[in-house]
Amino acid sequence: MAIFLEFIISFIIIILITRLFKVKSRKKVVTVLVVVELLLMISIPKTLAEVPKVTALVGNYESVTVKVTEQIPAGVLKEKKEVKPVAPVKDNRQGVIYLTFDDGPSLSITPKILDILKKKNVKATFFILNYDGKKEEIVKREVNEGHTVAIHGYSHDYKEIYQSEEIYMQNIKKLQDKIKASTGYNATITRFPGGSSNTVSKYNPGIMTRLTKKVVDSGYKYFDWNVTSGDAGEARNSTDVYNNVVKNLSKSKSNVVLMHDFNGNTKTLNALESIIDYGIQNGYTFSKITESTKMVTHSVNN
């Protein structure tokens with residue numbers, strides 16, 4: 001565009017000068033052309049090439065290198081970098097298994113689960129509760145080994161946390177701050193105790209309808225599940241846990257598996273490696289939940 005504009009301006013100026021000064025000789029016309037070109041080079045910077053090249057993508061920002069040639073007063077090749085926001089890439093993969101563990105960390109079960117995950121090179125997501133000094137080392141290990149540490153809540157007491165929106169938000173913010181102080185990691189993934197479809201909160205009518213919006217508006221992403229192990233309920237042993245999980249896996253969806261790593265839950269501990277082996281042998285992939293993962297949620301009942 002700049003070259004075309006320069007050509008038009010040059011042509012107009014040459015016509016005006018040759019007619020104004022009655023320039024007829026070819027030599028004088030060439031001289032006029034050179035003078036006009038020099039004037040344009042000084043007064044009109046132009047871009048000969050501006051081809052964005054993405055060189056890096058960090059978080060929700062990309063670094064773009066742009067090469068330009070400007071005539072000021074002669075052609076000089078320059079490179080400049082621009083950082084601009086881009087839409088985050090959504091992780092909405094089908095046939096992926098997200099192993100999630102609620103209600104930890106525990107001293108007896110969580111370290112052994114971490115050992116299995118490390119052995120199988122699988123990343124998972126831990127929706128944790130408040131923890132003391134000994135358990136803090138487990139939380140640090142979860143972060144250091146590349147898992148997602150997510151917020152279940154500082155407290156799991158239904159009668160307490162669902163009294164109001166303010167109390168609930170304080171419950172997750174308090175744990176978020178503690179996780180960051182312990183590990184430096186800013187947790188923004190959360191799961192409602194009882195899930196977003198819970199009815200234990202009905203003593204406060206409509207609280208879940210309000211909270212599901214409030215949590216997202218406050219910068220968090222919440223996840224329910226679409227595969228349950230039954231390890232906190234009907235599953236009697238590790239075989240039941242295994243069967244409950246594998247029979248509900250599907251290649252046509254993102255499989256968010258609900259399990260627990262509370263003290264004494266040997267049912268899940270003993271089933272975990274077999275569940276992972278089944279997934280690998282049947283063409284599934286394993287991943288942790290991140291900020292780019294599309295939310296998997298239930299229908300709200302309150």
Engineer: Would you call the rings of Trp225 and His298 parallel, tilted or perpendicular, taking 30° and 60° as the class edges?
Structural biologist: perpendicular

Engineer: Do the side chains of Leu107 and Phe101 join up, straight or via other hydrophobic residues, at under 4.5 Å, putting them in one cluster?
Structural biologist: yes

Engineer: Do Lys178 and Tyr131 form a cation-pi contact, if we require the NZ or CZ to be under 6.0 Å from the six-membered ring centre and within 45 degrees of the ring's axis?
Structural biologist: yes

Engineer: Please determine which of Thr285, Asn255, Val256 meets the side chain to side chain contact (heavy atoms under 4.5 Å, CB included) test together with Val96.
Structural biologist: Thr285

Engineer: Quick one: are Val149 and His147 in side-chain contact, heavy atoms under 4.5 Å?
Structural biologist: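 Val149 vs His147: side chains apart.
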
Engineer: Between Ile276 and Leu99, is any pair of side-chain heavy atoms under 4.5 Å apart?
Structural biologist: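 Side-chain contact under 4.5 Å: yes.
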
Engineer: Sequence neighbours excluded, which residues qualify as side-chain hydrogen bond (donor to acceptor under 3.5 Å, both in side chains) partners of Ser274?
Structural biologist: none

Engineer: Pro111 and Ser106: which non-hydrogen atoms are nearest, and at how many Å?
Structural biologist: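 In terms of heavy atoms, the two residues are closest at CD-O, 3.2 Å.
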
Engineer: With a 4.5 Å cut-off on side-chain heavy-atom distances among I, L, V, M, F, W and Y, is there a chain of contacts connecting Phe262 to Ile109?
Structural biologist: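 No.
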
Engineer: Does one side chain, of Thr125 or Arg191, offer a donor that lies under 3.5 Å from an acceptor on the other?
Structural biologist: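 On atom types as modelled, these side chains do not qualify, holding no pair under 3.5 Å.
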
Engineer: Do Leu258 and Met295 belong to the same hydrophobic cluster, where Ile, Leu, Val, Met, Phe, Trp and Tyr are linked whenever their side-chain heavy atoms lie under 4.5 Å apart, directly or via other members?
Structural biologist: yes

Engineer: Please confirm whether the backbone N or O of Val200 pairs with a side-chain atom of Lys159, one donor and one acceptor, at under 3.5 Å?
Structural biologist: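 No; judged by distance alone, with no hydrogens or angles, the pair does not exist.
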
Engineer: Can you find a heavy atom in the side chain of Met208 that is under 4.5 Å from one in the side chain of Tyr162?
Structural biologist: yes

Engineer: Verify the neighbour count for atom NZ of Lys214: are there more than 12 heavy atoms of other residues, nucleotides or ligands below 6.0 Å?
Structural biologist: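 Atom NZ in Lys214 is not crowded, with 12 or fewer foreign heavy atoms closer than 6.0 Å.
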
Engineer: Looking only at heavy atoms, what is the nearest atom pair of Ser229 and Asn244, with distance?
Structural biologist: O-ND2, 2.8 Å

Engineer: Would you say the side chains of Asn301 and Thr199 form a donor-acceptor pair under 3.5 Å?
Structural biologist: no

Engineer: So how far is it from Leu211 CG to Met169 CE, rounded to the nearest 0.5 Å?
Structural biologist: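 One gets 7.5 Å once the value is rounded to the nearest 0.5 Å.
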
Engineer: Distance to the ring centre below 6.0 angstrom and angle to the axis at most 45 degrees; does that hold for Lys251 and Tyr284?
Structural biologist: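 Yes.
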
Engineer: List the residues meeting ring-ring contact (aromatic ring centres under 6.0 Å, His included) with Phe192, not counting sequence neighbours, and say none if there are none.
Structural biologist: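 Testing Phe192 for ring-ring contact (aromatic ring centres under 6.0 Å, His included), a comparison that skips the adjacent residues, returns Tyr168, Tyr222.
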
Engineer: Any non-hydrogen side-chain atom of Gln176 less than 4.5 Å from a side-chain atom of Thr190?
Structural biologist: no

Engineer: Mark yes or no for whether Asn270, through its side chain, and Ser238, through its backbone, hold a donor-acceptor pair below 3.5 Å.
Structural biologist: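 The answer is no, because no donor-acceptor pair under 3.5 Å joins these two groups.
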
Engineer: Please check: side-chain N/O of Gln163 versus main-chain N/O of Glu160, any donor-acceptor pairing under 3.5 Å?
Structural biologist: yes

Engineer: Could you walk me through whether Ile113 and Ile116 pass side-chain contact (heavy atoms from CB on, under 4.5 Å), step by step?
Structural biologist: CA-CA 5 Å; Ile113 285 177; Ile116 293 172; 5.6 Å; no

Engineer: Can you confirm whether Lys120 is buried at NZ, in the sense that more than 12 heavy atoms of other residues, nucleotides or ligands lie under 6.0 Å from that atom?
Structural biologist: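 Yes, enclosed.
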
Engineer: What distance separates Asn237 CG from Thr266 OG1, expressed to the nearest 0.5 Å?
Structural biologist: 9.5 Å

Engineer: Could you pull out the closest heavy-atom pair between Phe126 and Leu114, with the gap in Å?
Structural biologist: CZ-CD2, 3.7 Å

Engineer: Search all heavy atoms of Leu175 against all heavy atoms of Ile128 and return the closest pair with its distance.
Structural biologist: CD2-O, 3.2 Å

Engineer: Any link between Val216 and Ile172 through a network of hydrophobic side chains (Ile, Leu, Val, Met, Phe, Trp, Tyr) touching at under 4.5 Å?
Structural biologist: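 They do share one cluster, since a chain of ILVMFWY contacts under 4.5 Å joins Val216 to Ile172.
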
Engineer: Under a 4.5 Å cut-off applied to non-hydrogen side-chain atoms, are Tyr185 and Thr148 in contact?
Structural biologist: yes

Engineer: Given the rule in the side-chain contact (heavy atoms from CB on, under 4.5 Å) test, do Glu142 and Thr110 qualify, once you have shown the distances and angles that lead to the verdict?
Structural biologist: CA-CA 9 Å; Glu142 290 171 350; Thr110 308; 3.3 Å; yes

Engineer: Could you pull out all residues at least two apart from Tyr220 that satisfy ring-ring contact (aromatic ring centres under 6.0 Å, His included)?
Structural biologist: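 Residues passing ring-ring contact (aromatic ring centres under 6.0 Å, His included) with Tyr220: none at all.
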
Engineer: To the nearest 0.5 angstrom, please state how far the OG atom of Ser201 sits from the CD1 atom of Ile207.
Structural biologist: 7.5 Å

Engineer: Between Val300 and Thr212, what is the shortest heavy-atom contact and its length?
Structural biologist: CG2-CG2, 3.8 Å

Engineer: Would you give the length of the straight line joining atom CG of Asp102 to atom CG of Asp261, rounded to the nearest 0.5 angstrom?
Structural biologist: 8.0 Å

Engineer: Treating Lys221 as the side-chain partner and Glu291 as the backbone partner, does any N or O pair qualify as donor plus acceptor under 3.5 Å?
Structural biologist: yes

Engineer: For Tyr158, enumerate each residue passing the ring-ring contact (aromatic ring centres under 6.0 Å, His included) test, keeping only those at least two apart in sequence or located in another chain.
Structural biologist: His156

Engineer: Determine the minimum heavy-atom distance between Asn248 and Val227, stating which atoms define it.
Structural biologist: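 Answer, listing the atom of Asn248 first, then Val227: O-CG2, 3.5 Å.
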
Engineer: Can you name the residues that form a ring-ring contact (aromatic ring centres under 6.0 Å, His included) with Tyr154, not counting sequence neighbours?
Structural biologist: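 For Tyr154, no residue satisfies ring-ring contact (aromatic ring centres under 6.0 Å, His included) once neighbours in sequence are set aside.
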
Engineer: Side-chain heavy atoms nearer than 4.5 Å, only ILVMFWY residues, links allowed to pass through others: does that put Ile161 and Leu129 together?
Structural biologist: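 No, because Ile161 and Leu129 fall into different hydrophobic clusters, even though each may have its own neighbours under 4.5 Å.
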
Engineer: Hey, does the side chain of Lys267 reach the backbone of Asp231 with a donor-acceptor pair shorter than 3.5 angstrom?
Structural biologist: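 A pair under 3.5 Å: yes.
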
Engineer: If you measure from CD on Glu137 to CG on Asn144, what distance do you get to the nearest 0.5 Å?
Structural biologist: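 Answer rounded to 0.5 Å: 9.5 Å.
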
Engineer: How far does CG of Asn171 sit from NE2 of His152, to the nearest 0.5 angstrom?
Structural biologist: 10.0 Å

Engineer: Using the test side-chain hydrogen bond (donor to acceptor under 3.5 Å, both in side chains), find all partners of Asn121 that sit at least two apart in sequence or belong to another chain.
Structural biologist: none

Engineer: I want to check something: taking the side chain as every heavy atom from C-beta on, are Met259 and Leu272 in contact at a cut-off of under 4.5 Å?
Structural biologist: yes

Engineer: Any carboxylate oxygen within less than 4.0 angstrom of a Lys/Arg side-chain nitrogen, looking at Asp177 and Lys173?
Structural biologist: yes

Engineer: Check this for me: does any side-chain nitrogen of one of Arg210 and Glu165 sit under 4.0 Å from a carboxylate oxygen of the other?
Structural biologist: yes

Engineer: Looking at Asn263, is its backbone amide N or carbonyl O close enough to the side chain of Ser108 to form a donor-acceptor pair, meaning the two atoms are under 3.5 Å apart?
Structural biologist: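 Checking the backbone N and O of Asn263 against the side chain of Ser108, no donor-acceptor pair under 3.5 Å is found.
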
Engineer: Could you walk me through whether Tyr98 and Thr293 satisfy the side-chain contact (heavy atoms from CB on, under 4.5 Å) test, starting with their C-alpha distance in whole Å, then the side-chain angles of each, then the deciding distance to 0.1 Å, before giving a yes or no?
Structural biologist: CA-CA 10 Å; Tyr98 298 98; Thr293 308; 3.6 Å; yes

